[in-house]
Amino acid sequence: MSVKTLPDAPGVGGPHDRRRPGNRLGALRRAPHTGLTAVLVVVVVATALRTDAFATDTNVINILRQVSVTAVIAAGLTLLMTAGGMDFSMGSNVSVTTALGAQLLSHGHSTLFTVVASILLATVIGLVNGLVVTFTNVAPFVVTLATATLLDGVALLVLDSVSVSIGTRMFSLGNDKILGIPYLLVLAVLVLVATALVMRFTVFGRDAYAIGGNEHVARLSGINVTARKLTLYAVTGALSGLAGLMLLSRLGSSSPGTGGLSLQLTAVAAVVIGGTSLAGGHGTVIGTVLGVVLLGVVANALNLLQVSSNYQQVSVGGVLLVAAIANEVHKARVARH
Amino acid sequence: MSVKTLPDAPGVGGPHDRRRPGNRLGALRRAPHTGLTAVLVVVVVATALRTDAFATDTNVINILRQVSVTAVIAAGLTLLMTAGGMDFSMGSNVSVTTALGAQLLSHGHSTLFTVVASILLATVIGLVNGLVVTFTNVAPFVVTLATATLLDGVALLVLDSVSVSIGTRMFSLGNDKILGIPYLLVLAVLVLVATALVMRFTVFGRDAYAIGGNEHVARLSGINVTARKLTLYAVTGALSGLAGLMLLSRLGSSSPGTGGLSLQLTAVAAVVIGGTSLAGGHGTVIGTVLGVVLLGVVANALNLLQVSSNYQQVSVGGVLLVAAIANEVHKARVARH
Amino acid sequence: MTPSIPTPPGDGAGTPHDAVLRVRGVTKSFGGAAALTNVDLDLYPGEVHALMGMNGAGKSTLVQILSGVHQADGGTLEVGGHVQHGLTVRRARRLGIASVPQRRELAMGLTVAENVMLGDLPTRHGAVRWRTLKSEARHALSGLGIDIDVERTAGSLTVAEQTMVEVAREVRRGGRILMLDEPTACLSAGAAQQIRDLVRTLRDEGVAVVYISHYIDEVMAVADRLTVLRDGAVVRSAPVAELDPASLVRSMVGRDVVSRRSERPAPKDEIGLAVRGLRDGRAVRDLDVEVRKGEIVAVLGPAGDAQSRLFDLLSGRRRPDTGELLVDGAPVPFGRVRASLAGGLRCVTGDRRALGLVPGMSLDENLMLAGDRFARRRLHRRTELARRAQPLRRSYGVVSLAGNPPVSALSGGNQQKVLLAKWLQTEPVACFLEDPTNGVDIAAMADIHTLVDDLASRGVAVLLASSSAEEVMRLADRVIVVSAGRTVAEHDITAITRDELVATALGGQPQ
Amino acid sequence: GNDDNASTAGASSGAVTLGFVNGADTAFHTCLQKAVEQTAKSEGAKVYTANSHQNSGTELSNIEDMISRKVSALIVQTVNVDALAGDIAKAKASGIPIYLTSVVPTDSADILGAAVVDLRKVGSLDADWIGTDAAGRDVKIGVVAGAPGAASDLLVDGFTKELPAGAKVVANQPGMFNPVKAQEVAENMIQAHPDLDYAFVANEEMAFAVRKAFDAAGAEDVKIVTVNGTDEGLAAVKEGRFSATVANSAMVIGETAVKSTVSLLAKPKVDKIANIPLLLVTKGNLTKAPQYCPTS
Ligand SMILES: Nc1ncnc2c1ncn2[C@@H]1O[C@H](COP(=O)(O)OP(=O)(O)OP(=O)(O)O)[C@@H](O)[C@H]1O
Ligand SMILES: Nc1ncnc2c1ncn2[C@@H]1O[C@H](COP(=O)(O)OP(=O)(O)OP(=O)(O)O)[C@@H](O)[C@H]1O
Ligand SMILES: [Mg+2]
Ligand SMILES: [Mg+2]
């Protein structure tokens, strides 16, 4: 029996925020994610001062569209990790979905059919992860690391190792705008808002916190933990599918290596930088959004500032480190007050 | 040393090995890692039946040499994860070390100087990870995910993005044998045995279990947790350095992408498949060895059996999944008895 | 691990110069709320110094400051005549200060032997000497009359056993100061007696013992001097001989607390809860219990083991080897939590940290965690949650410093009330209570006893597993004595005295 | 109309700004980037660079970023051929001309031009050499391919199709363009096929690792043919460690790309696809090999 004993540190953005009246500045300093926000602001201001190309409408829209796919994955991951789960195979699920979507479209199937089939497959993949995690007691990270490898292979099989182009099918989703806002961004925002609402205002979402906080207690309190977990894994699967279709529409093709581990790691980095706990029980969509945007802004800034490609990874790593520390130091200060 | 005390030692193979007399078969079934061993045996037998090239001396030596580098990393990771830590940057540390080693050798520095400098750098990198983890309270996975990105960039900088060859320097380490056993394998075995002994028979090793099991208690018991953790991270750093030099001697050159994430994930997979807990407090070198060898055998078998590249990843993923489940199902059965 | 402090030039015992520890004006606050204000305390060698006070009074905080876990905001600590600045855990250890914290914590993956010897493993040439380690650990345990296999893993121990292991560890270490934070809170009468005997032995050897407990009788029996904390301040400090229980209660609570057996309507004839032929390994063998509606039946036994096993079985966490469970006459399948709940059975754990509360969630959410599930709610709104939680908080007397803090920021007693409220608001047909007053102060204890009384008066069948004989005498209609997993005796409460009860529980033999 | 815009912008300011989006961090890509930067300097053009690290999503983002900064033209070393569809659409929509290196899509209407390496041809040149060397004997060949994907497939396909009748590919495994993996694959391959005569390896970085593996297994006589023509590769050919390599100079590609882009911007021509000359390098013609990487 492994009983999880979390530290008592009141989680940032957790279900409780003790606000005291008065002292606005202090309240601000105690608001969640101040550290992360500060890092983001510094990066934005520093970049804007050094290049005019940064703070333009088109560039901002650009950044937001670029992070849309990651944001959808990160949203699912936030929910799942809050419930103490982990899906390391979402990136590979994206690979499979883009591959399948591309094949279906290029074989002349209708867009509707393709969308439904792809998301269905992705959901089933998520569900299978959930079944293994729930019924075998293997740690979710381990299970999904294995399925990630497996799915990478499946994606190759579906593509038969070549690139498959979808021509101009789904072009509008990946490239057009509505009221000046790219469809992809609209989708990502919808997903994020929905996730935030679910986590905060539904019993399903609160159950996720409870399961992540102490699974035994959750089960004893009458929560159908098994069903909840299966649903959570299925939802992350479905969101991977959606992200896959978004990516496909943006790229116009699927090729070996689309999605996969690099996408997965970006999403994981965004989520954990945003303060979602690897051990479960704590997590906020706001934090994840900040994490996703920070990563997008940094990549964009490094390009615009012409940082040499050798220095880019160093810079990204450095910013990640600083952001993680800032978020944590801030949390600690809040706890001390 | 105290060989006599061996039978008393509470299981390196997990804490539950109260042996009951009689019933040899039952005892075998309750022995740790039976599940994993079974999977390994199945893979070996199936491959040996289908190709003669598999069960030859040279091929076995081959496999073992191939996994030597991974084994050294996995050994360090087992120790660290048992103490509740995580280093996701070991692969990237390897990249930096091979890059530095190659540059030093190709610039005419002596092998001794190169070895010392590389391992020193790797140790410092590990120590920096340790300092950040210990003094900022950021989750180790998050810290080392950030430093991994950073170090990948550093490796590119050191190499200036081109391959650097070391000619025949260090050739003998990477290619020669002693008594028919490759030096690399000898090194790996030494590291594994040392790790196992440390974990089982030294206060340092037992403290690692205590820290991983309950850091607060370890601290209350007067264990200098901070110093221990710093040492652990420094040791994993040093082992990454050693692995880097081993890899360099084997390849004869360092190029962008040597080591890095793929090496890291292989090592992590081997360790977790071997039953070391992601949450700390449990871990065995034997399990890790089985995990490392299983991954090596599967890769070798897939090559020898001429499995098409599309099916290779699917097969690796499948075996990983089955192994993880087998290990866990078996554990569960032992616990019930 | 020998204390490095010079022995103060002592003359006669009892003079202030002799104090091994002097606390002056210690202040500590958490997030702006004061947990301790201006606390003075003197500890003398060879004396048991009890700390008493309501839940949240600051007892644990004081102990944690003395053992280096927390740093005081102000005031001075003097150990052996030397002022200590920035006392850390390791430094406290070196000074010979040992403590058993209120929260039982062991390194769960390690064996009992290693846990006892943690931080002080015997070695030869750098290698751990397993044989010595185990024999020393065995010796440390048996020295306290504790019978636990040292090769078991800590994770498999019951809370009571964990306490014993922790006490054994600290005692083995030695030192001049030993602080025990509610060591008997969930121990059976026998185990508690062992602890008290041990404390007396240590005192006679010259150790200064700080002893925290909510049981007045126990404190009166074991302590030489007593300090009462209220809202973080010392309100009274005197030799025990000068105190009487009633005034003690008044200084702790600020009023009199009456808790005596109350008249309840007679139990109905229908059986609310029946357990038949329950058998599970060595912990439970052939247990038969029937509880009528409106009746309180207590299960009493020497070890805590059967109690927590009973919780696991009745709550559906664990499937027994054989057995039958009937709630309100209808069979309830074992091994399914939700089936137990649907049948109307509510089980309140004795291990609230591991199985009772979600530490990261707020007080209110923990309070409504189960209820909202039964009500099949889909949506969650904080304001509305607070509105529903308010009356519960009031009727169960839950007190918190902040509005709706994470439940882990509450003192232990308040956490216990949250746990009871969480389950008892849900209109049970039958319930199983495991140590319902674990760690709560005397005022809260009286409140909880009233709550349980009310429960039975409403016709609920209550099965009570308690380690406290007083509690059983106060609440139960019938007592079932269990020994080695078997029912060995059954008594009507009116037919037995407290002392007989303790004796039966200890010996497992009916008189 | 779009092209006019961009070219006038470039011409009027007198300074052409180029956005170079590189595909990965291998030696080839580094050399290509150096060549692009040096040539741009000599052509008086300003160049911005970005690297997609083998991720087609990043490639698209990089192109968007370049469009944000309003470069006169894009030069793209793509991560893979089909990812180009999105790139080209993007560039077209923003009115910025796009020039491709290494590959060209089937429909070249929407691009400014391309400097193309015929990968099939590369493979077939290596196969030709084996055909000559084997001289009609029955020989066994092992293939260490790259990562699954178009580039590697085209190479291997060109190679396999051109092999003479008696030559048989007995093993074909992916080396993932990663020397570590390639070495493992080669070690296993020589176990399974100790009687191998030739090996075709998809790039020189891997070929070095393969050579080491073969030598360690005592198979010094297996002849390796490969692709690139780096200085180290040529040295290996000279020493006989490689038997042949096909020079596809990164420097030439980079130079061609920049020069063509600048001139095409000024004056769009019909002949916008430049085929990079390929040369099979053996011991006999080492001196004729083009420089692979610019000296920095
Ligand atoms: N780390 C902390 N952060 C915030 N508040 C705390 C912390 N530790 C204690 N408190 C608060 O300080 C007060 C004193 O707590 P303490 O644990 O000392 O009480 P106690 O006297 O031991 O109570 P109990 O009898 O219930 O164990 C309580 O109100 C508690 O909520
Ligand atoms: N907000 C907080 N942040 C961190 N720690 C806290 C907080 N609030 C309380 N604590 C910790 O919890 C303790 C209060 O709980 P307490 O000591 O009463 O534990 P408990 O639940 O009674 O343990 P047991 O179950 O063993 O009786 C404090 O002493 C402190 O260490
Ligand atoms: Mg307390
Ligand atoms: Mg308490």
Side-chain angles (χ1 to χ4, degrees), chain A residues 1-2 4-5 7 9 86 88-89 92 132 136-143 145-161 256 261-262 265 268-269 272-273 277-279 308-325 327-329 331-332, chain B residues 86 88-89 92 132 135-143 145-161 214 216 256 261-262 265 268-269 272-273 277-279 281-282 308-325 327-329 331-332 335:
Chain A
M1 184 183 72
S2 75
K4 195 175 338 173
T5 48
M86 178 50 148
F88 217 70
S89 71
S92 308
V132 177
T136 68
N137 212 22
V138 184
F141 174 79
V142 183
V143 171
L145 186 62
T147 48
T149 315
L150 204 155
L151 291 174
D152 283 342
V154 170
L156 282 181
L157 283 176
V158 173
L159 287 177
D160 198 18
S161 289
L261 202 60
S262 68
L265 280 177
V268 171
V272 294
I273 291 295
S277 157
L278 286 163
S308 110
S309 109
N310 288 358
Y311 283 98
Q312 292 210 355
Q313 281 193 287
V314 175
S315 318
V316 173
V319 172
L320 274 180
L321 199 55
V322 169
I325 295 176
N327 210 25
E328 199 64 37
V329 166
K331 243 197 248 173
Chain B
M86 179 48 148
F88 217 71
S89 72
S92 308
V132 177
F135 291 109
T136 67
N137 212 22
V138 184
F141 175 79
V142 184
V143 171
L145 186 62
T147 49
T149 315
L150 204 155
L151 291 174
D152 283 342
V154 170
L156 283 180
L157 283 176
V158 173
L159 286 177
D160 198 17
S161 290
N214 190 330
H216 187 61
L261 201 60
S262 68
L265 279 177
V268 170
V272 294
I273 292 295
S277 155
L278 287 163
H282 296 284
S308 109
S309 76
N310 288 0
Y311 283 97
Q312 292 211 352
Q313 281 193 288
V314 174
S315 318
V316 173
V319 171
L320 274 180
L321 198 56
V322 170
I325 295 174
N327 209 27
E328 198 64 37
V329 166
K331 242 197 251 170

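The chains referred to below are lettered A, B, ... by the order of the sequence lines, with proteins before strands, and numbering in each begins at 1.
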Quick one: closest heavy-atom pair of B:T136 and A:I325, and the distance? CG2-CG2, 4.0 Å
At a 4.5 Å cut-off on heavy atoms, which part of A:L159 comes close to chain B: side chain, backbone, both, or neither? neither
What part of B:V322 gets within 4.5 angstrom of chain A, counting heavy atoms only: side chain, backbone, both, or neither? neither
Checking B:A139 against chain A: side chain, backbone, both or neither under 4.5 Å from a heavy atom? side chain
At a heavy-atom distance under 4.5 Å, which candidate from B:V138, B:V272, B:L156, B:L157 has the highest pair count against chain A? B:L157
Shorter than 4.5 Å, heavy atoms on both sides: which option in A:L150, A:V268, A:V132 has the most such pairs with chain B? A:L150
For B:V142 and A:A324, work out which heavy atoms get closest and say how close. CG1-CB, 3.8 Å
Taking all non-hydrogen atoms of both residues, which atom of A:L320 and which atom of B:A146 are closest, and how far apart? CB-CB, 3.6 Å
Chain A contacts, top residue of B:L278, B:T147, B:V316 (heavy-atom pairs, under 4.5 Å): B:L278
Min side-chain heavy-atom separation B:L265-A:L261 under 4.5 Å: yes
For B:F135, is it the side chain, the backbone, both or neither that has a heavy atom under 4.5 Å from a heavy atom of chain A? neither
For A:A323, which residues count as a side chain to side chain contact (heavy atoms under 4.5 Å, CB included) partner, sequence neighbours excluded? A:L36, A:V39, A:I273, A:L294
Side chain, backbone, both or neither: which part of B:L321 has an atom under 4.5 Å from a heavy atom of chain A? both
Heavy-atom count around A:F141 CZ within 6.0 Å, excluding the residue itself: above 12? yes
